[in-house]
Amino acid sequence: MWIAELPSFIYFYLGALLLPLLRGWGRNLVLLAIPLVSGFFLWQLPEGEHWQVTLLGFELTPFYTDRLSVLFGYVFHIAAFIAIVYALHVRDLLQQVASLMYAGSALGAVFSGDLISLFVFWEMLAVTSVFLVFARRTERAYRSGMRYLMIQVMSGLLLLVGVILYVQASGSLRFDFIGLEHVGTAGLASWLIFIAIGIKCAFPFLHTWLTDAYPESTPTGTIFLSAFTTKVAVYALARGYPGTELLIYIGAVMTCFPIFYAVIENDLRRVLAYSLINQVGFMVVGIGIGTALAVNGAVAHAFNDVIFKGLLFMSMGAVLHMTGKINGSELGGLYKSMPKTTILCIVGAASISAFPLFSGFVSKSMVMTAALNNGYNVIWLMLLFASAGVFHHAGIKIPYFAFFAHDSGIRTSEPPTNMLIAMTIAAVLCVAIGVYPEMVYSLLPHDVDYTPYDTTHVLAQLQLLFFSALAFVWLNQRGLYPPELPSVNLDVEWFYRRLLPRLFEFIMGLFWSLNEVLRQTIKRFLSALGNHIHTHSGPQGILAKTWPTGRVVFWVAMILAAFLILSLY
Amino acid sequence: MMNSDSPGFFDKPANVKRVLRVFYACCALLLIMDVVIHRHVVHPWETLIGFYPLYGFLGCVVLVLLAKVMRKVLMRDEDFYDHQPRVVDLVTDKKDGAESEASDVDR
Amino acid sequence: MLIHLPILQVIIPLLGAPLCLMVKGSRFVWGFTLLVSLLASMISVALLWQVEANGTLSYALGGWQAPIGIEYRIDILSAYLLLIVSCMSTIVLLGGYRSIEKEIPVSNQSYFYVAYLLCLAGLLGIVAAGDAFNVFVFLEISSLASYILIGLGKDRRALWASFQYLIVGTIGATFILIGVGYLYIMTGTLNMVDLAQRIPSVSESTTVLVAFAFLIVGVCLKLAMFPLHVWLPNAYAFAPSIVTAFLAASATKVAVYLLFRFSFGVFGIELTESILPLHEVFIGLGLAGVFAASLVAVFQQNIKRLFAYSSVAQIGYMIVGYGLDSVAGSMASLLHLFNHALMKASLFMALAAVVYRLGSVQLKDLAGLASVMPWTAAAIVIGGLSLVGVPLTVGFVSKWYLVLAALEQDLWWVALLLVVGSLLAIVYVWRIVEQMYFAPSTSGDQSDGTREAPIGLLTALWILVIANIYFGIDTRLPVGVAELAAEHIFGGRL
Amino acid sequence: MELSTLLHATMFLPLVAVVGILLCRHQPNIRDGISLLAGVLVFACVLAIHRQFMSGGDVDITWVEILPGLSLSFSLESLGLLFALIAGFLWPVTTLYAIGYMRGHHEKNQTRFYVFFAIAIATVFAIAFSANLFTLFVFYEVLTLCTYPLVTHAGTDKAKQGGRVYLGILLSTSILMFLLAMITTWAIAGTLTFTSGGIFPEGTPAWLLSILLALYVFGIGKAAIMPFHRWLPAAMVAPTPVSALLHAVAVVKAGVFTLLKVCVFVFGLEVLPSLPATQWLIYLAGLTIVLASLVAMRKDNLKARLAYSTIGQLAYITLGALVATELAIVGSAMHIAMHAFGKITLFFCAGAIMVACHKTEVSQMAGLGKAMPVTMTAFLVASVSIIGLPPGGGTWSKWYLIWGSLEAGQQLMVVALLVSSLLNIAYLLPIPLQAFWGSSDTNVESSSQLKEAPMPSLIALVVTAFMTLVLFVYPNGVYDLANRING
């Protein structure tokens with residue numbers, strides 16, 4: 001059956017096209033059916049190249065499946081389904097279309113067998129996702145979206161140049177291991193692609209689009225955003241750059257620096273955005289180590305992160321949806337009116353903190369064990385610190401300031417049922433994977449024997465978490481904990497939100513005044529020239545005036561004389 | 001369902017105290033288990049008694065204290081970025097429309 | 001009969017002139033003159049055909065052979081000029097009836113036709129004559145007739161313009177006479193072929209050089225080379241419209257012919273080239289003419305004057321071609337002779353139509369002309385485009401060859417300046433086009449009083465306009481003949 | 001049908017339509033119907049030509065030989081065919097648009113408008129099928145002249161001034177430089193016939209060719225390379241359908257088309273990169289790309305902004321032509337098509353906004369999305385294509401241009417292209433986005449006043465916007481033609 005062999009993105013794109021024609025339940029049905037149908041067919045499909053197409057003289061394979069890509073395919077389907085359920089109450093066609101297209105683009109990207117398809121879906125990711133930010137329909141969201149788009153497109157352009165150079169140098173379109181070891185053109189190419197992925201992956205200094213735009217998106221839009229873009233980048237790294245040592249250090253930095261920001265950040269969704277970077281850091285480290293265990297850990301962590309980070313964003317989205325507020329300084333005490341949300345949020349928090357029996361535990365410990373096994377001691381310590389830190393800000397801070405802390409006086413109710421269902425699905429998955437990790441294990445790209453649930457790991461992890469919690473309690477009791485304050489914390493974005501515009505303004509000012517001076521000069525010169533010509537050639541000018549006959553005769557004589565002199569001498 | 005007007009569980013300091021007490025007990029238990037349970041380790045530091053608890057505790061304290069210092073340097077008003085025009089507006093001279101195009105004619 | 005064609009060419013209009021006085025009724029005089037002119041042009045066609053087929057024709061007047069007798073000598077260059085002059089005269093006359101009727105007082109109309117035919121006869125005679133003195137005689141005939149023609153204009157300034165032309169023209173003619181006289185002294189012959197043979201032997205003498213100087217300056221005065229052009233704008237501007245059209249298409253062309261004839265034909269290329277830095281001087285003066293006259297034209301308010309200055313500019317192009325001193329340059333110059341006759345005749349004919357209806361040639365009065373006189377306006381546009389040198393018009397062809405000729409000698413700056421000159425043409429032509437098509441008509445009375453020009457005028461006008469386009473597309477005739485003529489004149493002796 | 005008949009049909013059918021339009025000037029419906037019908041017929045002819053061409057059809061037509069070896073001739077070649085296909089498709093669409101626009105805007109002199117429009121299109125086909133540079137030059141000039149009445153259609157002083165700039169720059173550059181270069185080419189090569197690999201004899205000094213190249217690049221003013229770009233913004237006084245078809249497609253594309261032809265078939269891809277002037281001209285093109293974008297950002301008048309955007313995009317094509325690798329040429333040729341569809345849509349939208357809401361300034365357009373969702377969506381789609389993002393056709397041409405530049409080692413130009421993409425986002429996207437999500441604080445008109453443009457216009461802009469998407473999914477048709485240029 002040919003329908004079963006269609007690339008996954010086709011279902012999503014077609015569904016998106018179908019949506020405007022439908023209303024109410026019909027639309028909801030289509031929305032829900034698409035990830036289910038597409039996921040089912042993906043599950044049925046054997047690995048390999050499924051679709052080849054000739055475009056512009058290139059042989060493209062836009063639908064290529066192997067263990068790695070299929071795993072991402074699965075989790076994207078799951079994420080899409082959960083997010084769709086979560087957003088089912090939304091009656092905004094724009095968001096619905098954009099989110100389907102966005103999910104489809106993410107699937108397209110992970111199933112791209114060649115670099116050109118990858119580029120196309122890479123850009124599609126940017127173009128479609130930005131509407132989830134715009135859909136917030138505020139001036140802040142609009143501006144943030146524009147910045148987001150610019151940076152994403154920049155990533156795409158770098159990828160474009162990188163891909164062209166790479167294809168030129170290697171002669172192959174295939175998206176496979178690239179690595180940074182090339183020299184010459186291919187070296188430049190591999191670096192460009194690396195940076196392009198790095199932007200989407202939120203490498204340090206390239207990360208601010210994420211913390212800038214995600215919190216500005218709609219409550220439901222952020223769920224989609226958190227699931228796809230960075231994970232596509234992780235996938236691309238896992239395919240193109242496994243074992244690149246640089247990634248280990250980059251990843252380690254990514255795990256550590258965001259938690260500082262997370263501690264002092266007020267907007268709870270922005271806290272989650274920082275913790276997203278932190279989690280991606282673990283994956284990047286795993287890919288950088290590049291051993292079977294590490295890559296498995298990274299990929300599994302990506303799988304889990306999609307679900308538990310989704311869950312956390314969903315819980316915060318629910319708070320935002322119900323209260324219209326998301327700043328830690330304005331929230332508190334919501335456990336009374338939103339007990340279910342509170343519990344679900346705590347499940348997510350436990351998962352991200354890698355509590356035993358929750359999904360994050362296994363995958364995170366795989367990465368850390370791999371780091372230790374390969375002798376990256378300092379890295380291991382950093383990851384350990386980050387693990388403690390992530391519990392600190394995502395595991396404790398989020399639930400604490402939203403649902404507990406001092407009572408903000410806000411009285412609301414549980415979010416709509418579909419939101420609760422979506423969160424429940426995610427929570428169940430978190431626990432299920434935590435309890436029964438083989439569910440994911442069997443799908444991992446490498447066959448590795450690893451037993452996470454031994455006493456060593458469990459005990460060490462529990463000790464770490466409990467004592468970092470103790471630190472939180474202690475600091476809080478002593479009043480040392482930084483209070484939630486409405487504020488903006490400077491980040492790298494300062495460079496392009498403050499410095500660059502100012503610089504641009506300055507340079508452009510110079511440019512325009514120069515331009516003006518130049519134009520005035522030319523204009524003045526032209527009019528002077530015109531006047532000059534006019535004085536000679538105008539009706540009163542010497543050339544146009546009628547001469548008296550005598551003068552004419554005089555000049556005739558002069559010319560004859562000149563002629564004679566010239567010809568005689 | 002909890003009645004939203006009645007004081008919640010955590011509104012009573014006694015409850016909070018009770019929870020905290022349980023928590024402290026857990027911590028202590030975990031610390032003791034470090035001695036009791038034998039662990040296979042990879043890194044020599046892991047054998048140190050109380051390594052994980054200490055690392056977790058100190059790590060977080062340092063984290064928070066450092067973050068507080070960061071705040072002094074990095075914190076700005078909430079609307080820090082809001083009071084500046086967009087890049088496009090910066091350079092848009094609204095009076096300079098198509099009219100000026102035809103204004104200087106080269107003859 | 002065929003053997004007598006060279007003399008018939010001249011004698012028919014010459015004899016026709018006094019006959020005009022006997023014909024009564026302006027319509028009949030016109031018809032008679034037109035008939036004479038038509039005969040002349042048919043003869044010129046036959047002559048060209050003969051010359052192309054059999055080579056140069058020589059006709060001894062009264063059977064007396066040269067050098068004793070008077071020789072009429074028609075080579076390809078002469079035949080070419082005869083064709084231009086007689087055909088232009090015929091077409092201008094064809095359309096001229098109503099315009100003449102309106103612009104010239106009834107009492108003077110017979111004299112007009114007499115003068116017209118005399119002028120035509122003179123011009124044809126200059127070209128056909130084979131000896132230098134006859135050239136002078138015919139030059140005087142045509143000049144005197146043209147003074148009268150110009151003076152017939154209604155505007156009283158026409159008299160004054162005519163007078164100035166008379167003074168300047170007479171000086172020019174005198175110079176030519178002096179030149180011819182010196183040559184006769186040195187060589188003892190007036191026949192141009194003989195002159196050409198004998199001059200090399202005496203070319204070292206000062207007298208020959210002086211003769212050359214007088215001749216060239218005299219001719220340049222007649223052809224209105226910058227800066228000797230001052231007589232032309234007024235003469236053209238104030239003469240009756242038809243006269244302007246006729247003179248613009250023929251008189252200056254004949255003068256250019258004389259320049260070529262004397263310098264290359266009589267004195268010979270070697271001498272001409274040895275005397276002077278002619279090359280540079282003429283190119284320089286030609287370009288100066290192009291720019292000075294075009295710039296003046298840009299600011300003119302009187303369109304007739306505007307086109308008169310444009311004529312000076314176009315003559316500049318011919319002078320540049322002459323100055324290039326090569327087959328290609330001469331060919332371009334001769335080609336432009338033909339083409340410029342076509343475009344200027346059509347433009348001045350169109351102005352005749354404008355004068356007929358509007359009574360004015362001031363630029364401001366042309367506002368909205370296109371809506372009341374669409375055909376005339378369109379003719380001006382096409383003539384103007386031709387003047388600019390837009391492809392598919394004759395102007396383009398001559399400019400093409402001129403630039404090619406300049407490039408052939410690696411004279412880049414000349415090529416560039418020639419092209420820039422066309423730009424100036426765009427400017428002054430565009431001012432008119434804009435006024436005619438895009439300005440709202442200023443006065444209300446135009447809409448009810450003015451309509452399209454009379455059919456006769458339009459017919460002649462559009463024959464010229466179509467010729468402008470036809471010879472811009474099918475260039476075989478002018479290009480072929482001009483090429484032959486240039487090669488002939490550079491081939492050495494006549 | 002015979003190929004030569006078809007070729008003639010494309011050039012003469014519009015002229016036949018002119019007669020019909022003039023005859024029916026008092027029955028607007030029939031008159032507009034004739035325009036539309038002629039457009040459809042012409043497009044059918046071009047399609048038929050395309051089919052025969054793909055199956056190996058070839059044709060050589062000579063009208064007249066003006067000078068020995070210099071003739072008005074036409075032949076079939078893939079780049080020209082591509083250009084003809086674009087013009088042929090967009091003419092009926094634009095006519096449809098114009099019907100809605102001109103009536104909605106209550107323009108005067110509509111007959112004159114349609115007449116000159118048809119003449120301009122006939123000229124475009126003549127340009128597209130020109131077999132030699134001379135023929136091309138002739139119709140290049142004709143196009144300038146016959147679009148002048150369209151530019152000054154409004155008849156106001158402003159229109160006239162705009163028209164004067166338009167004519168002044170286009171005529172003077174073409175006569176001063178293009179013509180001179182052409183005559184010189186003739187003097188050197190003895191022919192002007194377009195020949196694969198160029199026509200200059202070996203051993204022609206490089207400095208001479210460099211001068212010639214510069215003369216061509218600047219002389220072909222329609223390509224709007226800076227500093228000879230001012231005519232394009234000046235021409236924006238024209239009614240929007242004119243700006244759309246002529247100043248986004250026909251006229252400006254005639255310019256870059258000519259430039260491409262000159263680069264490929266007069267200089268040849270082997271000669272071009274070896275000339276010292278090429279590198280400087282490439283830098284100039286790059287500078288134009290960036291500067292035009294910067295100026296566009298500054299323009300609040302929508303049409304002026306689009307005009308500057310066009311200048312930048314034309315420089316893309318010029319850049320590709322000058323870089324002169326096979327890939328860059330493919331990119332340039334494809335960009336002619338891709339940009340045409342994108343930019344015409346943008347102009348359609350600008351016109352629709354003007355007709356329906358009487359807004360011309362970008363700053364007034366915030367919040368219009370509610371009133372004009374279709375228009376603004378089309379604007380968005382077309383913007384995406386112009387920027388060169390999927391799912392817009394512009395992606396592919398940009399791909400090839402960048403590839404060609406990389407292949408030729410023009411890294412700096414790649415940077416220019418990338419920067420331009422970002423700048424394009426900055427000045428194009430805010431318009432539809434603000435329309436949908438901006439706060440409309442300035443216009444508090446009642447929403448009943450604001451509506452979509454007339455239906456014909458709306459259909460037209462939806463069609464062209466859709467085409468930009470189609471060209472993304474199916475660029476092969478354009479690519480095949482573009483690829484054939486290199487033989």
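A, B, ... follow the sequence lines: proteins, then strands. Residue 1 opens every chain. Computation of the quantities below employed the complete heavy-atom set of this structure, encompassing side-chain atoms and omitting hydrogens, waters and symmetry-equivalent molecules.
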Under a 4.5 Å heavy-atom cut-off, does chain A meet the side chain of D:Leu380, its backbone, both or neither? side chain

Tell me, do A:Met154 and D:Leu418 make a side-chain contact under 4.5 Å, heavy atoms counted? no

Between A:Met146 and D:Ile425, is there a side-chain heavy-atom distance shorter than 4.5 Å? yes

Is A:Thr54 close to chain D through its backbone or its side chain, or both, or neither, when contacts mean heavy atoms under 4.5 Å? backbone

Evaluate the side-chain proximity of D:Phe436 to A:Leu94: yes if any heavy-atom separation is below 4.5 Å, no if none is. no

Considering only heavy atoms, which portion of A:Val163 lies under 4.5 Å from any heavy atom of chain D: side chain, backbone, both, or neither? side chain

Only pairs of heavy atoms separated by less than 4.5 Å count here; which of D:Ile402, D:Leu291, D:Leu422, D:Val414 has the most with chain A? D:Leu422

Shortest non-hydrogen contact from A:Glu123 toward D:Pro390: CB-CD, 3.1 Å

Which region of D:Val330, side chain (C-beta onward) or backbone (N, CA, C, O), has a non-hydrogen atom less than 4.5 Å from a non-hydrogen atom of chain A, or is it both or neither? neither

With only heavy atoms counted, which part of A:Phe511 is less than 4.5 Å from chain D, the side chain, the backbone, both or neither? side chain

Between A:Phe58 and chain D, which part of the residue has a heavy atom less than 4.5 Å away: side chain, backbone, both or neither? side chain

Around A:Arg174, counting heavy atoms of other residues, nucleotides and ligands shown, do more than 12 lie under 6.0 Å from its CZ? yes

Could you check whether any side-chain heavy atom of A:Tyr142 comes within less than 4.5 Å of a side-chain heavy atom of D:Pro430, counting everything from C-beta outward? yes

What orientation do D:Trp399 and A:Phe119 show, parallel under 30°, tilted 30 to 60°, or perpendicular over 60°? tilted

Between A:Thr128, A:Ile116, A:Thr138, which shows the greatest number of heavy-atom pairs under 4.5 Å with chain D? A:Ile116

Examine whether an atom of A:Val127 lies under 4.5 Å from a heavy atom of chain D, and if so say whether it belongs to the side chain, the backbone or both; otherwise answer neither. side chain

Is it the backbone or the side chain of D:Leu389 that comes under 4.5 Å from a heavy atom of chain A, or both, or neither? side chain

Evaluate side-chain contact (heavy atoms from CB on, under 4.5 Å) for D:Trp396 paired with A:Leu55, printing each intermediate quantity in order. CA-CA 10 Å; D:Trp396 299 125; A:Leu55 193 80; 3.4 Å; yes

Is the closest side-chain heavy-atom distance between A:Gln168 and D:Trp403 below 4.5 Å? yes

Is any side-chain heavy atom of A:Phe504 less than 4.5 Å from a side-chain heavy atom of D:Leu294? yes

Determine whether A:Ile164 and D:Glu407 satisfy the following criterion, side-chain contact (heavy atoms from CB on, under 4.5 Å), listing intermediate values before the conclusion. CA-CA 9 Å; A:Ile164 289 174; D:Glu407 197 185 44; over 6 Å; no

Is the shortest side-chain heavy-atom distance between D:Gln411 and A:Leu188 below 4.5 Å? no

